[in-house]
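Report on the following structure.
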Amino acid sequence: MATRTRLAVVFSSLAAVLLVAAGCTATPGAESPTSSPAPSSGASGEDVNDVEATLLDDGRMFAVVTWGSSGCVPQVDEVSADGQTVTVTLVELESEDGGEKACTTDFAPRASVGALPEGVDPTQDITLQVTYGEIADDVDLDGSADFTGTPGGSTEYQPTAGWFDDGSLVLLTWGSSSCAPVVESVEGSGNAGTVTFVTDEDKMCTMDMAPRATIIAFGDDAVEDDGFMLTLTGGGLEGTVSVQNS
């Protein structure tokens with residue numbers, strides 16, 4: 001059971017807020033977040049039922065990390081709260097014809113993002129009670145006084161990130177749901193790292209504005225979590241994210 005989560009919400013000024021891919025414009029209103037999982041890391045079968053999580057969007061949103069096919073990222077279906085205990089149900093997405101969706105045969109971490117219910121205080125500790133099929137797990141999240149966002153309030157569409165494991169974080173960006181960021185390379189040491197995204201100026205994108213969750217993995221003990229600075233480059237994402245521990 002995951003019991004440790006680090007939070008990341010302090011950002012430098014970014015010139016491009018909307019993160020719109022070339023050739024398309026974006027408007028708010030997308031219902032389903034997209035996720036770009038990390039490549040399969042060869043985790044053992046013991047990790048199949050592991051659930052991790054982190055808070056994002058200045059305390060307005062969360063990401064639940066599960067393991068499985070990178071082609072079948074679970075979707076947040078239901079979210080409710082009783083005080084600081086938040087109940088989250090994940091479901092598998094169906095294919096466009098309503099049948100079972102075909103999945104890739106890899107085994108990777110996938111990030112499913114959702115919004116915290118109104119009334120939850122992100123500056124205080126939160127417990128996520130996650131149900132995903134036959135998997136049921138609790139994830140304890142540390143609150144942070146750095147959070148100034150209010151669950152249920154409007155987002156500022158800024159990139160945010162949160163550690164969910166040693167050397168691994170979830171990066172939340174905003175833009176076309178059909179043009180989720182694709183990681184080209186990751187480099188990091190000490191308390192600094194750079195993630196480069198694939199730039200495809202010819203790709204056609206839908207005209208929505210959706211949250212996109214991307215897992216960035218530096219590897220165990222490869223970087224220092226304290227005071228970590230993440231530089232984003234390529235794919236319309238340019239800027240620096242200051243990752244802070246709670």
Side-chain angles (χ1 to χ4, degrees), residues 5-21 24-36 53-65 73 75-90 111-128 130 139 141-164 169-181 205-214 230 232 235-244 246:
T5 298
R6 307 178 184 87
L7 312 176
V9 292
V10 179
F11 304 94
S12 63
S13 176
L14 298 179
V17 175
L18 293 183
L19 311 177
V20 181
C24 65
T25 58
T27 56
E31 296 181 358
S32 300
T34 60
S35 174
S36 177
T54 190
L55 296 180
L56 300 165
D57 198 30
D58 206 12
R60 301 179 187 92
M61 302 182 70
F62 62 86
V64 174
V65 178
V73 180
Q75 182 178 19
V76 174
D77 183 39
E78 296 181 354
V79 182
S80 61
D82 182 4
Q84 292 296 101
T85 299
V86 179
T87 301
V88 180
T89 302
L90 303 180
S112 308
V113 298
L116 285 176
E118 185 175 353
V120 177
D121 184 358
T123 67
Q124 304 298 316
D125 293 350
I126 297 170
T127 297
L128 294 185
V130 180
V139 187
L141 304 177
D142 295 335
S144 174
D146 291 330
F147 286 130
T148 59
T150 301
S154 299
T155 182
E156 297 178 357
Y157 300 105
Q158 293 286 343
T160 57
W163 296 106
F164 69 87
L169 58 85
V170 178
L171 173 68
L172 176 69
T173 59
W174 298 83
S176 171
S177 60
S178 66
C179 291
C205 304
T206 54
M207 298 175 63
D208 58 342
M209 174 66 81
R212 295 95 53 91
T214 306
L230 179 65
L232 313 179
L237 298 170
E238 303 291 339
T240 302
V241 178
S242 178
V243 183
Q244 294 185 335
S246 61

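Values below: all heavy atoms of this structure, side chains included; hydrogens, waters and symmetry mates excluded.
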Legend entry - Spatial distance of atom CD (Glu156) from atom CH2 (Trp174) [nearest 0.5 Å]: 11.0 Å

Inset, instruction - Could you tell me which non-hydrogen atom of Ala53 sits nearest to which non-hydrogen atom of Val139, and how far apart they are? - result: CB-CG1, 3.6 Å

Legend entry - Asp58 and Thr148 side chains, donor-acceptor separation under 3.5 Å: yes

Inset, instruction - Taking all heavy atoms of Ala111 and all of Val73, pick out the closest pair and write down the distance. - result: O-CG1, 3.7 Å

Legend entry - Side-chain heavy atoms of Val88 within contact of Val76, under 4.5 Å: yes

Inset, instruction - Evaluate the side-chain proximity of Val65 to Thr54: yes if any heavy-atom separation is below 4.5 Å, no if none is. - result: no

Legend entry - Contact check, side chains of Leu230 and Leu232, non-hydrogen atoms, under 4.5 Å: yes

Legend entry - Ser144 side chain near Thr123 side chain, heavy-atom distance below 4.5 Å: no

Inset, instruction - Give the minimum heavy-atom separation between Gly59 and Leu116, together with the two atoms involved. - result: O-CD1, 3.3 Å

Inset, instruction - Keeping the roles fixed (side chain from Ser178, backbone from Cys205), state whether a donor-acceptor pair exists under 3.5 Å. - result: no

Legend entry - Distance-minimising heavy-atom pair for Pro117 and Ala81: CG-CB, 3.7 Å

Legend entry - Arg212 side chain to Cys179 backbone, donor-acceptor under 3.5 Å: yes

Legend entry - Name of the residue among Val79, Ile126, Val120 meeting side chain to side chain contact (heavy atoms under 4.5 Å, CB included) with Phe62: Val79

Legend entry - Minimal non-hydrogen separation, Leu56 against Val170, with atom names: CD2-O, 3.7 Å

Legend entry - Atom of Asp125, atom of Asp142 and distance for their closest heavy-atom approach: OD1-CA, 3.5 Å

Legend entry - Separation between CG of Asp57 and OG1 of Thr160, rounded to the nearest 0.5 Å: 5.5 Å

Inset, instruction - Kindly check if the number of other-residue, nucleotide or ligand heavy atoms within 6.0 Å of CG (Asp77) is above 12? - result: yes

Inset, instruction - Could you tell me whether the side chain of Leu141 reaches within less than 4.5 Å of the side chain of Leu128, counting heavy atoms only? - result: yes

